[in-house]
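What you see is a predicted model; the values in this text were computed from it and never measured. Just follow the structure's listing: the first ligand is 1, and inside any ligand the first atom is 1.
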Amino acid sequence: MQDELPKAYRGIEFLPVTAVKHYTDKTFSFSCARPDSFRFRSGEFVMIGLGNGDKPLLRAYSIASPNWAEELAFYSIKVADGPLTSRLQHLKVGDKIVMRPKPVGTLVHDALIAGKRLLLFSTGTGIAPFASTIRDPETYDKFEQVILTQTCRDVKELDYGKALIAEIRSDELLSEVVGDKLTYIGTTTREESPDMGRMTDWLRDGRFATATGAALDAETDRVMICGSMAMLQEHKAICEDAGMAEGSNSEPGKFVIEKAFVD
Ligand code: A2P
């Protein structure tokens, strides 16, 4: 059947949607079937989207499900005039999304050298790759402590992360693997909540050290960062000021960054 499709669809998989959940008017998650032969490393992204005439409409999305799960999950923003998300937000169970099954990315264990604490800094939907990482047993083999932070404008936007943590805590197998190693800190910047402010400010003014027991330390800490361009630049500067070198798949380092999906 693939022979009848336009050339631009070569190698593209059509995957039925199995679940859709809307968190806020700006964010939603969806899951689809995972092709049998598809493997990925926690934290990687893949090109997904919708069929669109001669050429599929594809964007980079972090895989939010763990690499051992039967389905693939994604967490997305909704942009009213975004070419893809304006359509994607209307997905229903049974619809088909398209995927180019070639996972890539730098938010992976292979791009970091060994350390004691793994710090995962995110804003908004930048939490998606870490939803995979914090459910990967390898993460807890490699690190003594794992700290996930997410900064959002509003309280409701933190629901996705909170539900994820609750799911881990209530899962018999996973909660055993994770033990007491995982800490989650959700902060808001535009709506009143118990923990307010940007994590970049927390790192600079000592609130991060108070909340986690220690300030950012190049000796013990390894960092993954995912969010907007401005957020990445600020976190990157904080890591570099602490004496950390950026890592990549070919040359592992002490911190890695990746831009969250934007439209
Ligand atoms: P703020 O409300 O102070 O701008 P956005 O929706 O604009 O991507 O922002 C998502 C979250 O990321 C917001 O809470 C926002 O805070 C925060 N944020 C924006 N820019 C930065 C930055 N340069 N460093 C850290 N956090 C940021």
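In the model, Ser65 has no side-chain atom that pairs as donor or acceptor with a side-chain atom of Arg34 under 3.5 Å. Side chains of His109 and Thr139: a donor on one and an acceptor on the other come within 3.5 Å.
Using bins of under 30°, 30° to 60° and over 60° for the plane-to-plane angle, the ring pair Phe30/Tyr61 lands in the perpendicular bin. Using bins of under 30°, 30° to 60° and over 60° for the plane-to-plane angle, the ring pair Tyr160/Tyr75 lands in the parallel bin.
Listed by number with element, the atoms of ligand 1 under 4.0 Å from a non-hydrogen atom of Ala230 are 23 (N). Numbered from 1 in the order shown, with element, the atoms of ligand 1 that lie under 4.0 Å from a heavy atom of Thr189 read 1 (P), 2 (O), 3 (O), 13 (C), 14 (O), 15 (C), 16 (O). Below 4.0 Å from some heavy atom of Thr200 lie the following atoms of ligand 1, by number and element: 24 (N), 25 (C). When each atom of ligand 1 is checked for a heavy atom of Cys152 under 4.0 Å away, the hits are 14 (O). Per-residue contacts place Glu234 under 4.0 angstrom from the following atoms of ligand 1 (heavy atoms of the residue considered): 22 (C), 23 (N), 24 (N).
Distance CG/Leu50 to CG/Leu91: 6.0 Å, rounded to 0.5 Å.
Closest to atom 3 (O) of ligand 1, if we only count protein heavy atoms, is Arg198 NE, 3.0 Å. Taking atom 11 (C) of ligand 1 as the reference point, the nearest protein heavy-atom neighbour is Thr151 O, 3.6 Å. Counting only heavy atoms of the protein, atom 9 (O) of ligand 1 lies nearest to Arg153 NE, 4.0 Å. Looking at atom 8 (O) of ligand 1, its nearest protein heavy atom turns out to be Ser228 CB, 4.4 Å.
The pair Lys156-Asp154 does not count as a salt bridge, with every side-chain nitrogen at least 4.0 angstrom from each carboxylate oxygen. At a threshold of 4.0 Å, the pair Arg204-Glu234 counts as salt-bridged, since one of the basic side-chain nitrogens sits closer than that to a carboxylate oxygen.
Contact annotation for Thr123 and ligand 1: only side-chain heavy atoms (C-beta onward) come within less than 4.0 Å of the ligand.
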